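All heavy atoms count here, side chains included; hydrogens, waters and symmetry mates do not. Here the structure is a predicted model, which is why all the values come from computation and not from measurement.
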Amino acid sequence: MHLTPLHLRGGRTLSGDVAIQPSKNAALPIIVASLLSSEPVTLHGVARLSDVYTILDLAHHVGARHAWVGPHSLTLHTPEIVSTVAPYSLVSKMRASFIILGAILARAGEATVSMPGGCAWGPRPVDQHVKALRALGAEISEDGGNFSAARRGSLGGTFLFELLTVGGTHNAILASVLGDGVVTLENASIDTDVVDLINFLNSLGAQIEGAGTNTLTIRGVPALRGGEYKIIPDRIEAGTFMIAAAATRSRLTLTNVRPDHLRAVSAKLGEMGVDILESQDRLIVDARDRELRPVNITTQSFPGFPTDVQPQMSALLATVPGTSVVQDPVYPDRLTHVAELQRMGANITVSGYTQVIQGGELHAAPVKAADLRAGAALFIAALTTEGETVIDGVQYLNRGYERLAERLRSIGANAWQPQPVLANAMD
Ligand code: EPU
């Protein structure tokens, strides 16, 4: 479906409180993990995002039934797996769906999932997912664009990831929770979304030790019970609003945040001259009347500077006088925002995964988001310009930012999305 573009008239400061949505990237694996239990599971803190609806469609296809029981609360129930096949039509909508392989394999003993393919910013391999499951005893074959996995008995053994992967760690955990084997994952991701998945699974009776460290030990259990769980706040959305405050030289209070999940972003903004005040679940970002300084940034896995706020940071730095260097070795091709920011007057030169940014003033222009965080970079850039920017590709923003125009308006931005004009049935 083509959605109408987002319109933004910038040049205003923002102010007030913004409640950060629950984490998209924690919700997706936790919804998949609910497939491991035959009893009902209620999740609180589920953001109403198109990616969440996509994973719910996939869960439905394999046997889960769900009901929204509150604005951000959802009950899921999977008495049995009715299909062990996750088809291309569903998996291709969202790459993160690939982790359903581990969950179906664990619950049903076999699973077939389409290869997820690449995305707008290049190939996104799943070799570590496959190597991990193989090393733990699953048989995996590749045929006609699908991966099929089967296991005889429980998974067990040790696997050392060749690199830190969030999704690979999710998949291996999901595959190993049920049964009577013992699995050790070394060089596992310590990302906040991995920790949240482990906390959720342990709350249902799983036995996973080592959350937040690089070595995880998973002792299989015969079954998981049902339960209730609250998902963590979205650190990437929080980072996006922090950068929006800096770009508009504003003061914003973020509520429902985990400041400890945002240390790398806070440190960089602090280095630029932004004041950040932390309390338990709030962050105050104050950039009023500041002369911001350029900085150099290299992305890393958590707790390093997140690749998921690299485009937004590039947009901010494009408005800060001086030379900044931004490098994204995690996703070297994550650069679709650059040409669009250039249309708005940004001076960015790219070499490999390095952007050299000479800060200056941006101007409004019609632009197009080719992926979620590129869209975020564009709305941040638009907030700094006097004219009207029209951002196409809103379907990408809807994947990760809930009710964006409305929430931007609530902090003083002039943002709107015209309603689509429906053809008159009588015409
Ligand atoms: N990698 C491999 N082989 C693999 C898996 C990953 O080489 O089998 C590489 C990737 O190419 C990348 C690095 O490992 O260079 C890290 O990738 P990771 O597996 O950690 O990423 P992911 O699990 O596919 C999640 C988020 C992304 C986020 C990355 C990195 C979800 C649904 N997605 O992806 O979020 O960029 O971690 O932190 O959790 C977003 O929200 O905009 C988004 C893209």
Side-chain angles (χ1 to χ4, degrees), residues 6-24 45 47 49 72 192 232-293 295 297 305-306 308-320 359 362 372-373 375-386 389 391 397 400-417:
L6 175 68
H7 294 242
L8 271 147
R9 195 173 270 283
R12 298 175 167 203
T13 51
L14 307 175
S15 62
D17 292 8
V18 55
I20 296 306
Q21 72 190 20
S23 169
K24 162 179 89 78
L49 298 166
H72 286 130
T192 54
I232 54 172
D234 195 318
R235 70 186 170 97
I236 304 304
E237 194 197 48
T240 304
F241 277 102
M242 290 167 79
I243 294 169
T248 51
R249 310 297 188 268
S250 304
R251 181 183 192 272
L252 277 184
T253 301
L254 276 54
T255 61
N256 187 40
V257 277
R258 286 277 305 258
D260 57 324
H261 291 174
L262 284 152
R263 293 266 145 75
V265 178
S266 296
K268 269 301 157 192
L269 291 175
E271 194 182 325
M272 292 177 70
V274 179
D275 281 339
I276 311 277
L277 242 102
E278 294 182 1
S279 63
Q280 205 183 351
D281 61 354
R282 275 171 186 257
L283 264 177
I284 297 174
V285 185
D286 194 351
R288 288 172 304 177
D289 308 318
R290 303 292 196 283
E291 293 281 333
L292 299 187
R293 296 180 285 274
V295 285
I297 294 176
F305 194 91
D308 290 346
V309 293
Q310 173 268 112
Q312 298 90 311
M313 204 66 185
S314 301
L316 165 62
L317 292 171
T319 69
V320 174
L362 303 183
L372 166 58
R373 308 301 173 190
L378 296 176
F379 82 68
I380 287 170
L383 288 171
T384 71
T385 71
E386 295 285 341
T389 295
I391 306 177
L397 281 164
Y401 297 95
E402 202 181 272
R403 296 178 291 110
L404 182 63
E406 180 189 325
R407 290 165 72 222
L408 284 173
R409 277 199 300 278
S410 77
I411 49 173
N414 191 358
W416 71 100
Q417 198 185 346

- For Ala377 and Pro311, which heavy atoms make the closest approach, and how far apart are they? CB-O, 3.2 Å

- Item | Nearest heavy-atom neighbours spanning Pro306 and Ile236 | CB-CD1, 4.0 Å

- Query: What is the distance from atom CE of Met272 to atom CD of Glu291, rounded to the nearest 0.5 Å?
  - Reply: 12.0 Å

- Message: Regarding Asp275 and Arg290, does a basic nitrogen lie under 4.0 Å from an acidic carboxylate oxygen?
- Response: yes

- Taking all non-hydrogen atoms of both residues into account, name the closest pair between Ser266 and Ile276 and its distance. OG-CG2, 3.8 Å

- Atom pair OG1 (Thr13) and CG (Leu252), whose distance is rounded to the nearest 0.5 Å: 9.5 Å

- Query: Rounded to the nearest 0.5 Å, what separation is found between the CD1 atom of Ile380 and the OG1 atom of Thr319?
  - Reply: 10.0 Å

- side-chain hydrogen bond (donor to acceptor under 3.5 Å, both in side chains) partners of Asn256, counting only residues at least two apart: none

- Taking side-chain contact (heavy atoms from CB on, under 4.5 Å) as the test, write out the residues that go with Ile284, two or more places apart. Arg251, Thr253, Leu277

- Tell me, please, which residues at least two apart from Asp281 pass salt bridge (charged side-chain N to carboxylate O under 4.0 Å, His left out). none

Do any side-chain atoms of residues 14-21 form donor-acceptor pairs under 3.5 angstrom with protein atoms, and if so which ones, sequence neighbours left out?
{"residue": "Gln21", "atom": "OE1", "partner": "Glu402", "partner atom": "N", "Å": "2.9"}
{"residue": "Gln21", "atom": "NE2", "partner": "Asp234", "partner atom": "OD2", "Å": "3.1"}
{"residue": "Gln21", "atom": "NE2", "partner": "Gly400", "partner atom": "O", "Å": "2.7"}

- Message: Can you list everything that forms a side-chain hydrogen bond (donor to acceptor under 3.5 Å, both in side chains) with Ser250? Sequence neighbours excluded, please.
- Response: Thr248

- Task: Evaluate the criterion side-chain contact (heavy atoms from CB on, under 4.5 Å) for residue pair Leu408 and Trp416; output intermediate values, then yes/no.
- Result: CA-CA 9 Å; Leu408 284 173; Trp416 71 100; over 6 Å; no

- Message: Once side-chain contact (heavy atoms from CB on, under 4.5 Å) is applied, do any residues pair with Ala376, and if so which ones, sequence neighbours excluded?
- Response: Thr240, Gln312, Phe379, Tyr401

- Message: Within the 4.5 Å heavy-atom criterion, are Thr389 and Leu378 side-chain neighbours or not?
- Response: no

- Query: So, for Ser279 and Pro259, which heavy atoms are closest and what is the spacing to 0.1 Å?
  - Reply: O-CG, 3.1 Å

- Go through the structure and list residues passing side-chain hydrogen bond (donor to acceptor under 3.5 Å, both in side chains) with Glu237, not counting sequence neighbours. Arg407

- Query: Which residues pass the salt bridge (charged side-chain N to carboxylate O under 4.0 Å, His left out) test with Arg403, sequence neighbours left out?
  - Reply: Glu406

- Tell me, do Val265 and Arg235 make a side-chain contact under 4.5 Å, heavy atoms counted? no

- If we only count heavy atoms from C-beta on, is the Met242 to Val309 side-chain gap below 4.5 Å? no

- By salt bridge (charged side-chain N to carboxylate O under 4.0 Å, His left out), which residues pair with Asp260, not counting sequence neighbours? Arg258

- Task: Mind checking the CG-CG spacing from Leu404 to Leu6? Nearest 0.5 Å is all I need.
- Result: 6.0 Å

- Message: Among residues at least two apart in sequence or on other chains, which ones pass salt bridge (charged side-chain N to carboxylate O under 4.0 Å, His left out) with Arg249?
- Response: none

- Could you tell me which non-hydrogen atom of Gly375 sits nearest to which non-hydrogen atom of Leu397, and how far apart they are? C-CD2, 3.6 Å

- Heavy atoms of Pro22 and Ala47 approach each other most closely as O-CB, 3.6 Å

- Does a side-chain heavy-atom distance below 4.5 Å link Leu254 with Leu262? no

- Query: Who passes side-chain contact (heavy atoms from CB on, under 4.5 Å) against Glu271, sequence neighbours left out?
  - Reply: Lys268, Val295

- Begin from the C-alpha positions of Ile297 and Leu317 and carry the test side-chain contact (heavy atoms from CB on, under 4.5 Å) through to its verdict. CA-CA 10 Å; Ile297 294 176; Leu317 292 171; 4.3 Å; yes

- Message: The criterion is side-chain contact (heavy atoms from CB on, under 4.5 Å); which residues satisfy it with Ala318, sequence neighbours excluded?
- Response: Ala346, Ile357, Leu362

